[in-house]
Amino acid sequence: QPQMVESGGGSVQAGGSLRLSCDFSGYTQKSYCMGWFRQVPGKKREDFASIKDVAAIDSDGGTAYDEAVKGRFTISKDSANNIMYLQMSSLKPDDSGVYYCAADHDCQWAPILLRTPYRDIEVWGQGTLVTVSA
């Protein structure tokens, strides 16, 4: 059974940095995309209307970013150790939220994951909270 577990959230002042990690296991497909998504605090993950795309990465290492985070966030993965990262810099209060990592095998190109309806994405983690204060 595929599993994804996030860590690294916390509180930081505007302009600061954080690195999120996502340990993933049990995913046997060779071709898939993984990504990060942000949910408004207080909302359930399933409240799809308020989820925001952040970034995605595919099996070949190709990446895609939402315009709001381009140049500030970097997504990467360590395939040997089954870990995906999100390095966040120049953080803004609007970046606050619960960050979820997710994966879908029906995706071979990173931008596709950011166009996939959230309810169709196969595997989700439990989320990690990021709070950016002004």
Side-chain angles (χ1 to χ4, degrees):
Q1 188 78 4
Q3 286 190 331
M4 305 184 84
V5 179
E6 303 92 339
S7 61
S11 297
V12 64
Q13 288 191 323
S17 299
L18 278 175
R19 188 176 78 161
L20 305 183
S21 299
C22 174
D23 291 319
F24 60 96
S25 61
Y27 216 77
T28 58
Q29 286 84 354
K30 293 184 178 180
S31 178
Y32 56 86
C33 297
M34 297 189 295
W36 292 94
F37 301 86
R38 184 178 73 248
Q39 178 59 289
V40 173
K43 293 277 191 180
K44 296 179 181 179
R45 178 178 63 79
E46 295 79 12
D47 291 331
F48 295 126
S50 53
I51 284 187
K52 302 294 184 184
D53 297 332
V54 177
I57 188 166
D58 57 42
S59 300
D60 294 328
T63 59
Y65 296 91
D66 184 79
E67 287 295 326
V69 306
K70 274 185 179 179
R72 299 188 298 122
F73 291 10
T74 302
I75 188 171
S76 62
K77 63 177 180 175
D78 177 353
S79 297
N81 292 301
N82 293 338
I83 304 175
M84 178 176 64
Y85 300 103
L86 184 69
Q87 178 67 48
M88 305 186 293
S89 302
S90 301
L91 281 161
K92 306 174 182 179
D94 284 349
D95 296 322
S96 297
V98 179
Y99 281 72
Y100 293 93
C101 61
D104 195 272
H105 85 279
D106 191 20
C107 169
Q108 289 78 45
W109 189 43
I112 296 297
L113 187 65
L114 301 186
R115 302 172 192 169
T116 300
Y118 302 124
R119 64 180 70 253
D120 293 338
I121 296 176
E122 292 177 307
V123 185
W124 292 81
Q126 85 291 347
T128 186
L129 178 63
V130 172
T131 303
V132 184
S133 57

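Keep in mind the model is a prediction, meaning the values are calculated, not measured. Basis for what follows: all heavy atoms, side chains included, without hydrogens, waters or symmetry-related copies. In this chain, numbering begins with 1 at the start of the sequence shown.
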Handout entry: Joint hydrophobic cluster, I121 plus I57, side-chain heavy atoms closer than 4.5 Å
Key = no
Practice task
Check side-chain hydrogen bond (donor to acceptor under 3.5 Å, both in side chains) between Q1 and all other residues, then give those that pass, not counting sequence neighbours.
Solution key: none
Exercise for the section: Find the distance between SG (C33) and CD (E122) and round it off to the nearest 0.5 Å. Expected result: 10.5 Å
Practice task
Give the C-alpha distance, both sets of side-chain angles, the deciding distance and a yes or no for side chain to side chain contact (heavy atoms under 4.5 Å, CB included) between M4 and D23.
Solution key: CA-CA 6 Å; M4 305 184 84; D23 291 319; over 6 Å; no
Exercise for the section: To the nearest 0.5 angstrom, please state how far the CD atom of Q87 sits from the OG atom of S17. Expected result: 6.0 Å
Completion exercise
The complete set of side-chain hydrogen bond (donor to acceptor under 3.5 Å, both in side chains) pairs with one or both residues in residues 39-50, sequence neighbours excluded, reads Q39-S50
Exercise for the section: Could you tell me which residues satisfy side-chain contact (heavy atoms from CB on, under 4.5 Å) with S133, sequence neighbours excluded, listed by chain and number? Expected result: Q13
Completion exercise
Output for pair (I83 CD1, S25 OG), nearest 0.5 Å, gives 11.0 Å
Problem - Non-neighbouring partners of Q126 that pass side-chain contact (heavy atoms from CB on, under 4.5 Å), sequence neighbours left out - result: V5, E6
Practice task
Report the residues that fulfil side-chain contact (heavy atoms from CB on, under 4.5 Å) with S76, sequence neighbours left out, ordered by chain and then residue number.
Solution key: Y85
Exercise for the section: Check whether any side-chain heavy atom of K52 sits under 4.5 Å from a side-chain heavy atom of D66, and report yes or no. Expected result: no
Handout entry: Check: V98 and T128 side chains under 4.5 Å, non-hydrogen atoms
Key = no
Handout entry: Pairing residues for Y32 by the ring pair (Phe, Tyr, Trp, His ring centres under 6.0 Å) criterion, not counting sequence neighbours
Key = Y27
Practice task
Provide the closest heavy-atom pair for V123 versus P2 in the form atom of the first, atom of the second, distance.
Solution key: CG2-CB, 3.7 Å
Practice task
Begin from the C-alpha positions of D95 and R72 and carry the test salt bridge (charged side-chain N to carboxylate O under 4.0 Å, His left out) through to its verdict.
Solution key: CA-CA 11 Å; D95 296 322; R72 299 188 298 122; 2.8 Å; yes
Problem - Set of side-chain contact (heavy atoms from CB on, under 4.5 Å) partners for R115, sequence neighbours left out - result: W109, P111, I112
Practice task
Can you sort out the partners of Y99 under ring pair (Phe, Tyr, Trp, His ring centres under 6.0 Å), two or more places apart, ordered by chain and number?
Solution key: none
Exercise for the section: Return yes if some donor-acceptor pair links the side-chain N/O of S96 with the main-chain N/O of T131 below 3.5 Å, else return no. Expected result: no
Completion exercise
The side-chain hydrogen bond (donor to acceptor under 3.5 Å, both in side chains) partners of D120 (sequence neighbours excluded) come to none
Completion exercise
Residues passing the side-chain hydrogen bond (donor to acceptor under 3.5 Å, both in side chains) test with D104, sequence neighbours excluded, are none
Exercise for the section: Scan residues 33-53 for pairs that pass ring-ring contact (aromatic ring centres under 6.0 Å, His included), counting only residues two or more places apart or in two chains. Expected result: F37-Y118, F37-W124
Handout entry: Under the side-chain hydrogen bond (donor to acceptor under 3.5 Å, both in side chains) test, residues paired with D60 that sit two or more places apart
Key = none
Handout entry: Cluster link Y100 to V69, ILVMFWY, side chain under 4.5 Å
Key = no
Practice task
Before giving the answer on side chain to side chain contact (heavy atoms under 4.5 Å, CB included), spell out for F73 and L91 the whole-Å C-alpha distance, their side-chain angles and the decisive distance to 0.1 Å.
Solution key: CA-CA 9 Å; F73 291 10; L91 281 161; 3.8 Å; yes
Handout entry: same_hphob_cluster(V54, V132) at 4.5 Å side-chain heavy-atom cutoff
Key = yes
Problem - Shared hydrophobic cluster for L86 and M34 (ILVMFWY, side-chain gaps under 4.5 Å) - result: yes
Exercise for the section: Starting at NZ of K77, measure out to OG1 of T63 and round the result to the nearest 0.5 Å. Expected result: 11.0 Å
Handout entry: Closest contact, heavy atoms only, A56 versus A110
Key = CB-O, 3.5 Å
Completion exercise
When rounded to the nearest 0.5 Å, the distance separating CG of L114 from SG of C107 is 8.5 Å
Problem - L20 versus G9, closest heavy-atom pair with distance - result: CD2-N, 3.6 Å
